[in-house]
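This report concerns only the one structure given below.
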Amino acid sequence: MTRRYYVTTPIYYVNGAPHIGHAYTSVAADAIARFKRLAGFDVFFLTGTDEHGQKVEQAAEAKGMQPQAFADAVAADFRDMYDTMDISYDDFIRTTEPRHVQAAQALWKKLEENGHIYLGAYEGWYATRDECFYGEEELIDGPDGRKVAPTGAAVEWVKEPSYFFNLSKFGDRLLELYETRPGFIEPASRRNEVKSFVKQGLRDLSVSRTSFNWGIPVPGDPKHVMYVWVDALANYLSTVGYPDETAARWAFWPPNLHLVGKDILRFHAIYWPALLMAADLPLPERVFSHGWWTIEGQKMSKSLGNVVDPRDLVKTFGLDAIRFFLMREMPFGGDSDLSRRAIIMRMNVELANDLGNLAQRTLSQVARNCEGKLPAQGKQTDEDRELLATASLLPDIMHQQIDRQALTDALEEVWKLIRACNAYIDHQAPWKLKKTDPERMADVLRVLADALRIIATVLQPYMPGSMDRMLTQLGVEKGERDFAALDTPLPAGRALPKPEGVFPRYEEPEAS
Ligand code: MSP
């Protein structure tokens, strides 16, 4: 039986250009998707853009554009950012596509049919920036003394007829879900926040608006458009064919993992499972919420003018250095700071020194002293065996970490091995063996080449381009790069291409 894996990123609002926060979730999801593919899973990796709502309507208006034309332009820019970041998504959903509109309306009808939607009137606080309703008690004092949302977003008093979803009825079932399936929300600290929010009691959720019309019409009452979060969450269903449960992709339902930022956990961990329960649908396995980047110590914001476009970083440092930095610097789930200095440190110490040098030293000796051919596997000493045993355990250990979204720990595991290989090469000193014991020299280089093959194989999800080059230099052919292929040793005598450094050191340009 094929093992399936369905992973999602949030779909991003098209009210502004893509920034490093979007790239971050997407690179993380991409690394996970690529890892699962290497492990033999049939993966469905979904991303896309969230194009309705007041916030997008206002952004289009500010540019003097029609919302659809504006959304088209920004969605294209997101795809461009994805191409730059080498994101291997399987589908890119846009909420203005007919397939999505139909699915969202089908979900609505199902909720209505099941008696979970009623017409009423909404009166309360709304923050357009967050596209979120807040209770009076949640508001805090803003800098000018006015009440603002807990996120700092401005709120306005909204009074309009509205459909409601009877969220309040789902409190107990949600709490039971968190109890019986603790892995549903990770990390644990965030799970506790969600639990205490739900324990305080949930109010019914206003799920339609009448004061603007950039949205999906409510079936049977088109004066109303669907609340943008109900519309947006439905994307996870529309791409797998909902409501057609005979669609080929329906086999992927329910998702194994929704990756989200901590700011949108409430929507994914409360509203979403409640909506699914109400529609009689199986629930996702897990919602993992990651932390936020600050930039050179400051919150990233338009008003500070420090919003980072990941494409600019890639131009300066190269793609894989940035992908690596994002996955390595921030313990997945925590918060962290992105700074020029920190990027250069990671590049020079971990990529250029630790990994780049190890590969270059090994491969240049094979080129020079073994006629550029992969040596045979020789007689192994205890040290050889120990190093290779550690290496061969790596894919499984990392797989367990990837399944817990411990993306940073998984990298640390690889670096432990890289450091062990560096200690090994220094200790074995194959360059000295050249004269004294050429046979042993060849054995040592083969041990290193085998360990490097495993290292480069497991690092492909994080740094696909550089690891492609490294595997080519190690003589590993395209069909020999997944985890199953590691069981078959490379044939001795295979000619290796001329080695070339994969990770150059980054030198600061001279100040002019
Ligand atoms: N459209 C909604 C999501 C709907 S999902 C059904 C949305 N879009 S968004 O464009 O605002 O994207 C938000 C995502 O970017 C969130 O996961 C958020 O955590 C992430 N980030 C925004 N700024 C960030 C940082 N500074 N650092 C890390 N991630 C950040 O919300």
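Heavy atoms only: backbone and side chains are in, while hydrogens, waters and symmetry mates are out.
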Only one of M226, Q54, H224 passes side-chain contact (heavy atoms from CB on, under 4.5 Å) with R209; say which it is. Q54
Mind checking whether I20 and D309 have side chains closer than 4.5 Å, heavy atoms only? no
Quick test of your reading of the model: are R340 and E296 salt-bridged, counting only N-O distances below 4.0 Å? no
Are any side-chain N or O atoms of N256 and backbone N or O atoms of E285, one a donor and one an acceptor, separated by less than 3.5 Å? no
Student check: side-chain heavy atoms of M300 and T294 closer than 4.5 Å: no
Hits for side chain to side chain contact (heavy atoms under 4.5 Å, CB included) against A410, two or more places apart or cross-chain, chain-then-number order -> M398, Q401, I402, Y462
Do you see a donor-acceptor pair shorter than 3.5 Å between the side chains of E136 and W125? yes
Electrostatic pair D90:R37 at N-O distance under 4.0 angstrom: yes
side-chain hydrogen bond (donor to acceptor under 3.5 Å, both in side chains) with R249: which residues, sequence neighbours excluded? D91
Using a 6.0 Å distance limit plus a 45 degree cone around the ring axis, check whether R346 lies over the aromatic ring of F325. no
With N235 via side-chain hydrogen bond (donor to acceptor under 3.5 Å, both in side chains) - residues at least two apart: none
Working for side chain to side chain donor-acceptor pair (under 3.5 Å), residues D280 and N114: CA-CA 9 Å; D280 303 320; N114 285 358; 3.0 Å; yes
Decide yes or no for I11 and T47: does some side-chain heavy atom of the first lie under 4.5 Å from some side-chain heavy atom of the second? no
Identify, with sequence neighbours excluded, every residue that meets side-chain hydrogen bond (donor to acceptor under 3.5 Å, both in side chains) alongside Q460. none
If we only count heavy atoms from C-beta on, is the S336 to W293 side-chain gap below 4.5 Å? yes
Determine, step by step, whether D130 and Y126 satisfy the side chain to side chain donor-acceptor pair (under 3.5 Å) criterion, reporting the C-alpha distance in whole Å, the side-chain angles of both residues, the deciding distance to 0.1 Å, and the verdict. CA-CA 8 Å; D130 301 344; Y126 193 73; over 6 Å; no
Run H290 and T25 through side chain to side chain donor-acceptor pair (under 3.5 Å) and show every step you take. CA-CA 8 Å; H290 65 69; T25 326; 3.0 Å; yes
Are F164 and Y227, when compared by the centres of their aromatic rings, separated by less than 6.0 Å? no
Under 4.5 Å between any side-chain heavy atoms of S162 and V207, yes or no? no
Check whether any side-chain N or O of R191 sits under 3.5 Å from a backbone N or O of P182 as a donor-acceptor pair, and report yes or no. yes
Not counting sequence neighbours, list each pair that qualifies as a salt bridge (charged side-chain N to carboxylate O under 4.0 Å, His left out) and has a residue in residues 253-263. K262-D335
Proximity of Y122 and F133 rings by center, below 6.0 Å: yes
Got a salt bridge between R34 and D86, using NZ or NE/NH1/NH2 to carboxylate O under 4.0 Å? yes
Show the numbers, then the answer: is there a side chain to side chain contact (heavy atoms under 4.5 Å, CB included) between H52 and T96? CA-CA 7 Å; H52 291 127; T96 51; 3.5 Å; yes
Show the nearest heavy-atom pair for residues M277 and L174, with the distance to one decimal. CE-CD2, 4.1 Å
Side chain to side chain contact (heavy atoms under 4.5 Å, CB included) partners for T390, two or more places apart: L417
Which pairs count as side chain to side chain donor-acceptor pair (under 3.5 Å) when at least one residue sits in residues 138-147, sequence neighbours excluded? E138-R266, D141-K147
Quick note, salt bridge (charged side-chain N to carboxylate O under 4.0 Å, His left out) partners involving residues 391-403, not counting sequence neighbours, are K36-D403
Restricting to side chain to side chain contact (heavy atoms under 4.5 Å, CB included), what partner residues turn up for A278, sequence neighbours left out? L111, H116, F165, F170
According to side chain to side chain donor-acceptor pair (under 3.5 Å), does anything in residues 169-181 pair up with another residue at least two apart or in another chain? List the pairs. E179-K195
Taking the six-membered ring for Trp and the full ring for Phe, Tyr or His, determine whether the centres of Y12 and F78 are under 6.0 Å apart. yes
Between the side chains of D30 and Y89, does any donor sit under 3.5 Å from an acceptor? no
If you measure only the distance, is there a donor-acceptor pair under 3.5 Å linking the side chains of T95 and E51? no
Sequence neighbours left out, what passes side-chain hydrogen bond (donor to acceptor under 3.5 Å, both in side chains) with T316? Give chain and number order. none
Salt bridge check: are E112 and K109 linked by an N-O gap of less than 4.0 Å? no
For side chain to side chain contact (heavy atoms under 4.5 Å, CB included), just list the numbers for L355 and M470, CA-CA rounded to whole Å, side-chain angles, deciding distance to a tenth of an Å, and then say yes or no. CA-CA 10 Å; L355 176 55; M470 191 172 284; 4.1 Å; yes
Are P310 and T84 packed together at the side-chain level, in the sense that at least one heavy-atom pair is separated by less than 4.5 angstrom? no
Plane angle bin for H268 and Y236 - parallel if under 30°, tilted between 30 and 60°, otherwise perpendicular: tilted
Hey, do the aromatic rings of W229 and Y271 have their centres closer than 6.0 Å? no
Ring centres under 6.0 angstrom apart (W253, Y242): no
Shortest non-hydrogen contact from G171 toward L202: CA-CD1, 4.0 Å
Can we call the ring centroids of F332 and F288 under 6.0 Å apart? yes
Look only at the side chain of R323 and the backbone of P464, and say whether a donor-acceptor pair between them is shorter than 3.5 Å. no
Would you indicate whether the side-chain heavy atoms of L276 and P284 approach each other to under 4.5 Å? yes
Donor-acceptor under 3.5 Å (N166 side chain, D204 main chain): no
If only atom types and distance count, is the side chain of T128 paired as donor or acceptor with the main-chain N or O of E131 below 3.5 Å? no
Flag the pair N15 / V74 as yes when at least one side-chain heavy-atom distance between them is below 4.5 Å, and no otherwise. no
salt_bridge(E350, R419) N-O dist < 4.0 Å: no
Donor-acceptor pair, distance only, cut-off 3.5 Å: does the side chain of D50 make one with the backbone of A232? no
E123: side chain to side chain contact (heavy atoms under 4.5 Å, CB included) partners, not counting sequence neighbours: W157, K159
Heavy-atom donor-acceptor pair, E329 side chain to L326 backbone, under 3.5 Å: no
Is there a donor in the side chain of S289 and an acceptor in the side chain of R190, or the other way round, less than 3.5 Å apart? yes
Could you walk me through whether E413 and K416 pass the salt bridge (Lys or Arg N to Asp or Glu O under 4.0 Å) test, one step at a time? CA-CA 5 Å; E413 209 59 44; K416 271 193 226 156; 3.5 Å; yes
Is the centre of the F44 ring less than 6.0 Å from the centre of the Y5 ring? no
